[in-house]
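I have placed the structure first, in the form of structure tokens, so that the comments after it can refer back to it.
The structure displayed is predicted, hence computed values, not measured ones.
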Protein chains: 4
Amino acid sequence: MSIKVAVVGAAGRMGQTICTAVEQARDMELVSQIDVGSHINADTLAGAEVAIEFTVPTVTESNVMALLDSGVDVVVGTSGWNEEMLARVEKKAKETGRSVIVAPNYGLSAVLLMHFSKLAARYFESAEVIEMHHPDKVDAPSGTAVSTAKVIGEARREAGMGASPDNTQEDQGGSRGSTIDGVHVHAVRLRGLNAHEEVLFGNPAEQLVIRQDSFNRSSFMPGVLLAVRSVQGRGGLTYGLDKVMGL
Amino acid sequence: MSIKVAVVGAAGRMGQTICTAVEQARDMELVSQIDVGSHINADTLAGAEVAIEFTVPTVTESNVMALLDSGVDVVVGTSGWNEEMLARVEKKAKETGRSVIVAPNYGLSAVLLMHFSKLAARYFESAEVIEMHHPDKVDAPSGTAVSTAKVIGEARREAGMGASPDNTQEDQGGSRGSTIDGVHVHAVRLRGLNAHEEVLFGNPAEQLVIRQDSFNRSSFMPGVLLAVRSVQGRGGLTYGLDKVMGL
Amino acid sequence: MSIKVAVVGAAGRMGQTICTAVEQARDMELVSQIDVGSHINADTLAGAEVAIEFTVPTVTESNVMALLDSGVDVVVGTSGWNEEMLARVEKKAKETGRSVIVAPNYGLSAVLLMHFSKLAARYFESAEVIEMHHPDKVDAPSGTAVSTAKVIGEARREAGMGASPDNTQEDQGGSRGSTIDGVHVHAVRLRGLNAHEEVLFGNPAEQLVIRQDSFNRSSFMPGVLLAVRSVQGRGGLTYGLDKVMGL
Amino acid sequence: MSIKVAVVGAAGRMGQTICTAVEQARDMELVSQIDVGSHINADTLAGAEVAIEFTVPTVTESNVMALLDSGVDVVVGTSGWNEEMLARVEKKAKETGRSVIVAPNYGLSAVLLMHFSKLAARYFESAEVIEMHHPDKVDAPSGTAVSTAKVIGEARREAGMGASPDNTQEDQGGSRGSTIDGVHVHAVRLRGLNAHEEVLFGNPAEQLVIRQDSFNRSSFMPGVLLAVRSVQGRGGLTYGLDKVMGL
């Protein structure tokens with residue numbers, strides 16, 4: 001029995017990538033593609049059990065509300081969700097008896113890297129983060145790298161550890177990078193790369209490196225499909241792919 | 001209050017490295033160095049609370065027994081422990097009200113790599129292991145790499161996954177390496193290296209790499225010291241540094 | 001003044017990638033797309049100065065002959081060229097006063113990796129090659145890895161060096177990989193990867209690593225465009241992108 | 001016939017490492033160890049043919065002068081040499097008919113990395129440098145990384161290339177690192193590391209990475225021994241290990 005899936009935001013580049021991934025999944029059936037200009041209702045959903053919502057921050061909440069009212073479970077990849085939006089959607093999910101997954105990142109390797117960094121942080125004297133992206137990216141460091149540094153910084157604090165050792169006395173050019181929550185973060189911009197992150201942990205005579213590579217946007221598909229397979233029957237709101245993965 | 005520590009096997013190269021590490025630890029005091037020719041008893045232990053035993057397989061069990069009878073807790077790094085030996089030592093520890101930690105590997109980064117590999121395995125289509133060592137090593141692949149492959153293979157099996165995809169039809173020279181529990185393992189031997197391991201996980205457009213480096217034998221010291229700090233009051237036998245780390 | 005370019009084999013996937021690359025190059029103009037069913041002559045070439053030939057081994061030589069007779073210089077990426085074919089094309093190029101570049105690999109990073117490996121080989125005790133590809137590849141190790149190993153083996157021999165040190169006495173599973181010209185070669189197959197190669201050189205306490213990544217087939221475009229920009233006026237036959245690059 | 005070698009600065013940590021390396025070299029014989037308190041003359045040199053001078057900037061020039069006057073060829077690893085010092089030593093070497101090699105870096109992998117970076121620079125749109133050292137280092141970025149960036153910047157300029165593409169519009173924390181001659185340089189400080197450098201080159205869909213690792217100070221020994229084997233009969237002054245290696 002395959003899961004009947006609707007894609008909301010189907011016309012965009014990410015939407016098209018998702019439609020292709022759903023069509024190629026053996027246990028799923030793509031029954032509806034919805035985009036700007038189409039209403040969300042039982043007719044347009046065409047029997048879908050789960051909807052994947054990848055649109056824009058301005059319309060995502062009202063889309064999710066309409067989807068829950070239409071009786072489908074929802075997997076949300078649009079960015080821009082805050083506490084208030086999440087609270088309203090959780091309330092609606094409970095009222096309608098449906099389930100919603102919202103995640104800021106559907107990259108399995110990125111979510112695992114962050115989880116592993118959290119676990120490893122307390123065991124190493126030193127920790128630094130290097131993120132590498134294509135040169136068209138406008139912000140540095142990446143949001144994921146900032147989140148990773150915060151996770152490490154927090155784990156170190158909880159373990160009663162101070163800053164990583166650093167005897168640098170002269171660094172006129174700023175080669176030591178940005179310091180986020182006590183963790184140095186470096187951003188590389190290189191033609192040919194897409195989105196990559198490396199975390200280095202060091203002890204005397206020992207190093208642990210965790211690296212993840214997203215070679216193109218289809219790297220998010222395994223995470224999106226995992227959420228589609230996991231959303232039915234969860235109840236209420238689940239925030240973060242790590243929760244879906246049971247980490 | 002510092003922990004009073006005895007080192008059994010103090011004259012060997014590893015023993016000397018351990019003595020130095022204990023002396024440099026702010027929360028420990030090295031009160032006794034015991035080696036071949038010295039008896040293990042209250043006199044030679046000189047008030048030690050914890051003993052670190054790094055000797056050879058033929059004498060390790062009787063050393064641990066004598067240490068427990070002498071009223072100290074024990075951290076054991078000698079290899080060659082089997083189920084029967086462990087059962088006897090556990091019994092003795094309970095009788096004497098003392099605690100023992102036995103671990104096949106005191107490298108924090110190696111233990112974390114294996115734990116993370118176990119957690120990640122079910123989420124990726126492909127997994128391979130590359131271990132790299134100095135060229136004087138006589139066995140290939142390394143015991144740690146074999147253990148890592150088994151952990152990955154078992155996790156994949158539990159998740160109902162088959163072998164990693166591999167369409168190789170021609171490989172006369174054996175470049176695809178050794179296959180352990182369905183996981184390909186490659187062994188590199190290179191002058192200048194010491195002991196290193198890399199695990200690669202792959203999904204469409206996505207890669208996760210976990211790597212650990214042990215640059216020399218002092219890389220085991222953080223793990224040994226962690227065990228010394230954790231052994232008192234545990235009771236009975238703890239097997240594996242992962243248990244000590246709460247993984 | 002832009003270079004007027006024809007693409008022969010324009011309908012294939014590589015051909016389409018090349019057409020796009022030529023169109024996006026500021027100093028080139030795509031004036032002709034030729035494929036099966038079209039004749040190669042002054043009419044179909046439509047004023048082209050340089051033709052890029054990426055077809056199949058069975059027709060590549062006759063295509064190049066026709067292109068030279070039509071008065072254009074030619075850049076050839078089709079595989080399967082042997083000594084006799086090259087000799088005939090060189091003769092024709094000289095007769096017609098035109099220039100031809102034939103190369104087995106248009107990846108700049110792959111060509112540089114091989115050149116650097118050749119230069120470095122004599123200075124290191126140990127050398128090994130690891131190639132990594134997508135799991136749909138049918139042969140292992142890759143042709144490029146075999147070429148790299150041969151280049152290293154030959155350089156070591158010329159320098160009077162023996163095999164890399166290797167004290168392995170037990171390797172039942174074949175984890176040490178394939179040995180090509182005295183150099184161990186390992187092949188990794190991982191979903192998500194495309195084509196990657198890593199060469200490791202080792203001396204006491206020292207390592208040099210050269211790695212190249214081709215993330216998709218458009219990685220060959222910089223090399224193809226470089227050949228197009230370099231072919232006019234060279235005269236005769238140039239074999240190998242390394243020669244074009246002056247390595 | 002082995003080369004008779006004297007070590008000047010033999011009592012220091014680097015000096016001791018050199019003495020051990022010379023003793024272990026099959027084609028060399030350590031005949032003299034000279035340090036503060038001993039004069040440099042035919043007696044103390046004890047028949048040495050080549051002297052290795054690793055002392056401090058304040059005495060290195062006078063040591064080299066005395067060595068040349070004593071009739072030995074000299075390999076110099078002390079830092080702090082400027083144009084004037086080099087000119088005076090070259091004059092003295094010619095007068096005495098002896099040979100001197102002075103090099104700022106005896107790491108073969110570091111010298112090769114720099115040479116390869118120079119060759120590769122013109123072929124890639126993007127280039128960045130990441131250096132990694134132990135956290136006790138007081139300056140950042142390392143001198144070698146600065147030299148590497150300059151070599152790349154110069155090669156790009158000669159090829160008429162502008163800066164690497166970088167669309168970063170927001171980087172409050174300085175994560176993009178130091179910019180040296182148009183090349184971004186990042187400095188990592190991590191317990192467990194010694195001295196490591198990585199150069200990344202990028203084109204559309206393609207990456208070339210050159211990395212070198214110095215795991216401890218004995219990593220310089222192969223370069224020092226190469227210089228000892230090469231100095232006799234060269235005549236005058238040779239500056240830089242790259243010249244000795246014929247790069």
Heavy atoms, side chains only, cut-off 4.5 Å: are Leu190(B) and Glu128(C) in contact? yes

Looking only at heavy atoms and a cut-off of under 4.5 Å, which of Thr168(B), Val185(B), Ile180(B) has the most pairs with chain C? Thr168(B)

Could you have a look at Met132(B), Glu206(B), Glu125(B) and say which one has the most heavy-atom pairs with chain C under 4.5 angstrom? Glu125(B)

Can you tell which part of Phe201(B) gets under 4.5 Å to a heavy atom of chain C, answering side chain, backbone, both or neither? backbone

Of the backbone (N, CA, C, O) and the side chain (C-beta and beyond), which part of Ala145(C) lies under 4.5 Å from a heavy atom of chain B, both, or neither? neither

With a 4.5 Å heavy-atom cut-off, do Gln169(B) and Asp139(C) have their side chains touching? no

Which atoms of Leu193(C) are under 4.5 Å from chain B, going by heavy atoms: the side chain, the backbone, both sets, or neither? side chain

How about Arg189(B) and His184(C): do any of their side-chain heavy atoms sit closer than 4.5 Å? no

When rounded to the nearest 0.5 angstrom, what is the spacing between OG in Ser178(B) and CD in Gln172(C)? 9.0 Å

Exam field: side chain Arg191(C) to backbone Ser126(B), donor-acceptor pair closer than 3.5 Å: no

Picking from Asp166(C), Asn194(C), Val188(C), Asp171(C), which has the most non-hydrogen pairs under 4.5 angstrom with chain B? Val188(C)

If you look at every heavy atom in Pro165(C) and Pro135(B), which pair is closest and at what distance? O-CB, 3.2 Å

Which of the residues Ala187(B), Ser164(B), Pro141(B) is involved in the greatest number of heavy-atom pairs with chain C at under 4.5 angstrom? Ala187(B)

